[in-house]
Amino acid sequence: MLTSVGDAVPSPGSLLLVMLVLAVLWTRRRPAVPLLPLPPGPHSLPLIGNLLDMPTKDMAPTFLEMSQEHGDIVSLNVLGGTTVVLGSYDAAVALLESRSAHTSDRPRLVMAEIAGVMWEFAVKRYAPTWRSYRRTFHRFFHRGAVQEYYSIHLRECKKLLSALLDAPEDFLAHTHRVIGGSVMNTIYGIDVTGDHNKYVAIAEKGARIFSEITAPGRFIVELLPWLAHIPTWFPGAHFKRIARVWKEDILAVRNVAFDAVVESMAQGRARPCMTHSLMEHSGIGGEANISSCDEEHYRDVTGVAYTYALMAAFFLALAKFPETQRRAQAELDAVVGQDRLPDFSDRDSLPYVNAILKECVRWHSILPLGLPHATTHEEIYDGYRIPAGSVLVPNAWAMAQDPVAYPNPERFMPERFLKNGQLDPDVRDPFKFQFGFGRRMCPGRHFALDSAFLMIASILHVFTIEPPVNDDGSVAIVDPRIPFDSALSRPEPFACRIVPRSLAAEALIRAPSLDNVI
Ligand code: HEM
């Protein structure tokens, strides 16, 4: 303890030591090149930085406004951490693809930790565990492997057409259930039936939670991780109470379908599926060692919600711009004819239907800000410094609305992707940014696009989608709210009319299925 001023004066020896230590620390922290500036961004306040600039609603449009003011890459200092918004396709490719060795981490997601979501592949840090998941997933979902699931898509799509014929007003619920059927059959060998299917409900809850957890800056605890340690009853600990509720739902995502596979394996009645195959491969037939193969198992089904959002956008686009389907129907009539439904062998002969799929993916950004990446090393881009540990947010919505790449971006115009009746390779392909980037790019995209292609081609072959009619006989305007308040964006429920094109089309739908037709 210091008792006098004299005690506080250090000796020349200790002064020298302190100076030496400081000199070593300074040389270590000094970069090899003079410090470059961070990317430009809104004015930062003392202590809180840009905390108040972080949008909590209309996120993608707000970030686009920042990009329009400050440039392609915008940095925000949020309580000392750097968040960089990538507002253009070129900047996103340069950072997330060309430098993916250093930009494929995920930021720490404290709410995911508290709610017990860290087993989920998509939030894992860029480390060996993630690589192992990714390799396994790739084995079942690469471009060639997904052809194995064509028969599942065909079967589920046929169910969708029948349901649309019987109760067209419930088109969104039917579509959700059928997409759930494709995913659950492929991953777990489980059929999805009934109007309120428990597996679809679980997947939906999981997707909503995941969407909240991955929205940049949604919870204060992401910015101040030490808050995770305050007790649940503490004022302001609302996020902890939310996480407690989520925990149960997340456990259901993780376990309910997986346990059903384990049980059916034990009873010798498991159907071939990804989970069954992985468990057999790791020698797990009963209950022993189930947890030891955790790292090998993909247990998430958020892809159901994403593919459903794509199909909701399809119905909405066609109800708003019904004229676009005439050309698709003429193409389908010429290629497929009246006697059968489309299948995957027709795909290359249907450029306009493929253009509709691309335009659906462009027109509505399902994950408007993708999923956030994080840097593991310092990067220099365009004369700016992006420190290691920065959060990178690709504004996919801004890329999709880029009027240079896509003139009249708000209009649904499949023909923008065509030249001389064929897909035009010179038009930027929205599949290259709406499914993320680089090493983290969505590994389920081939599966999702197969499923969506078949549904779109089949629906247009036998139905016409029209806007609803008001009581006075006038055509209603279809304009549902499309929220941008969390990571996942989907149109809110809306109405449209789905009318069979002809009696022959109805007969095709009613004809018995020919399973495994490819
Ligand atoms: C239209 C449907 C879909 C869209 C728009 C979509 C979009 C995305 C996006 C933007 C990412 C983040 C990529 C990044 O970090 O750069 C992602 C990741 C992921 N998606 Fe998809 N997805 C869809 C369907 C699916 C389906 C059906 C599955 C599974 C069968 C799936 C599985 C995954 C997984 C596992 C990841 C995490 C990858 C990782 O972190 O390494 N997705 N998806």
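Order of listing sets the numbers, starting from 1, for every ligand and every atom in it.
Only one option out of R440, R125, K124, R439 pairs with D105 in a side-chain hydrogen bond (donor to acceptor under 3.5 Å, both in side chains); it is R125.
Listed by number with element, the atoms of ligand 1 under 4.0 Å from a non-hydrogen atom of F137 are 29 (C), 30 (C).
Ligand 1 has at least one atom lying under 4.0 Å from a heavy atom of H373. Taking 4.0 Å as the cut-off, V183 does not count as a neighbour of ligand 1 on heavy-atom distance. Heavy atoms of K124 come nearer than 4.0 angstrom to ligand 1 in no pair at all.
Between the side chains of R271 and N185, at least one donor N or O lies within less than 3.5 Å of an accepting N or O.
L369 contributes atom CG, which lies 5.5 Å from atom CG of N395 (distance to the nearest 0.5 angstrom).
Judged by a 6.0 Å distance limit and a 45° cone about the ring axis, R131 is positioned over the six-membered ring of Y126.
If you check each of G370, G444, P443 against atom 34 (C) of ligand 1, the one with the closest non-hydrogen atom is P443. In this structure, of F437, F141, F435, the residue bringing a heavy atom nearest to atom 4 (C) of ligand 1 is F435.
The nearest protein atom to atom 18 (C) of ligand 1, hydrogens excluded, is given as C442 CA, 3.8 Å; this is a heavy-atom distance. Among protein heavy atoms, the minimum distance from atom 7 (C) of ligand 1 is reached at L367 CD1, 3.6 Å.
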